[in-house]
Amino acid sequence: PFLLRRLKKDVEKSLLPKIEHVVECPLSKRQKLLYEDFMASSETRGTLRSGSFVGMMNVLMQLRKVCNHPDLFEERPILLPHEMAPVRAHLPGEVLRAAPRQAAIADPAAD
């Protein structure tokens, strides 16, 4: 029942100074589509035209959500930027014929 207790003043002395790095990156294709759909909606345009501070803050929060958490904004299937052809493996006949024998040798209880 003993608790290890540290005081805030003691912890603050042992912490290194905070370093912040801003890494800018472009929006993904999906994020751009969500962003453009949101900005093109009549509801968003009406909110921005009204000039309401609370409404504008809501629009900014929604745009932030598009950038940081697009799945929370609107669920959509993920579209890959490239298409891949199926992978086909052509194995020689000897390999295919040897495979059942190798499995039988590895597991003698299978007989």
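Numbers here simply count residues along the sequence, with the first being 1. Computed over heavy atoms, backbone and side chain alike; hydrogens, waters and symmetry mates excluded.
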(request) For residues Val66 and Tyr35, report the shortest heavy-atom separation together with the two atoms involved. (result)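 For Val66 versus Tyr35, the nearest heavy atoms are CG1-N, 3.8 Å.
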(request) Please report the closest heavy-atom contact between Ala40 and Arg45, naming both atoms and the distance. (result)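 Scanning both residues completely, I find the closest heavy atoms to be O-NE, 3.7 Å.
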(message) What's the separation between atom CD in Gln31 and atom NE2 in His69, rounded to the nearest 0.5 Å?
(response) 10.5 Å
(message) Please report the interatomic distance NZ(Lys65) to CE(Met61), rounded to the nearest 0.5 Å.
(response)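 The distance works out to 8.5 Å.
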(message) Applying a strict under-4.5 Å side-chain criterion to I, L, V, M, F, W and Y, I'd like to know whether Phe53 and Leu60 cluster together.
(response) yes
(request) State which residues pass side chain to side chain contact (heavy atoms under 4.5 Å, CB included) with Met56; sequence neighbours excluded, sorted by chain then number. (result)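 Only Leu48 meet the side chain to side chain contact (heavy atoms under 4.5 Å, CB included) criterion with Met56.
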(request) Mind checking side chain to side chain contact (heavy atoms under 4.5 Å, CB included) for Val22 and listing every partner two or more places apart, or none if nothing turns up? (result)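 Side chain to side chain contact (heavy atoms under 4.5 Å, CB included) check on Val22 returns Glu20, Glu24.
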(message) Under a 3.5 Å cutoff, is there a donor and acceptor pairing between the side chains of Thr44 and Thr47?
(response) no
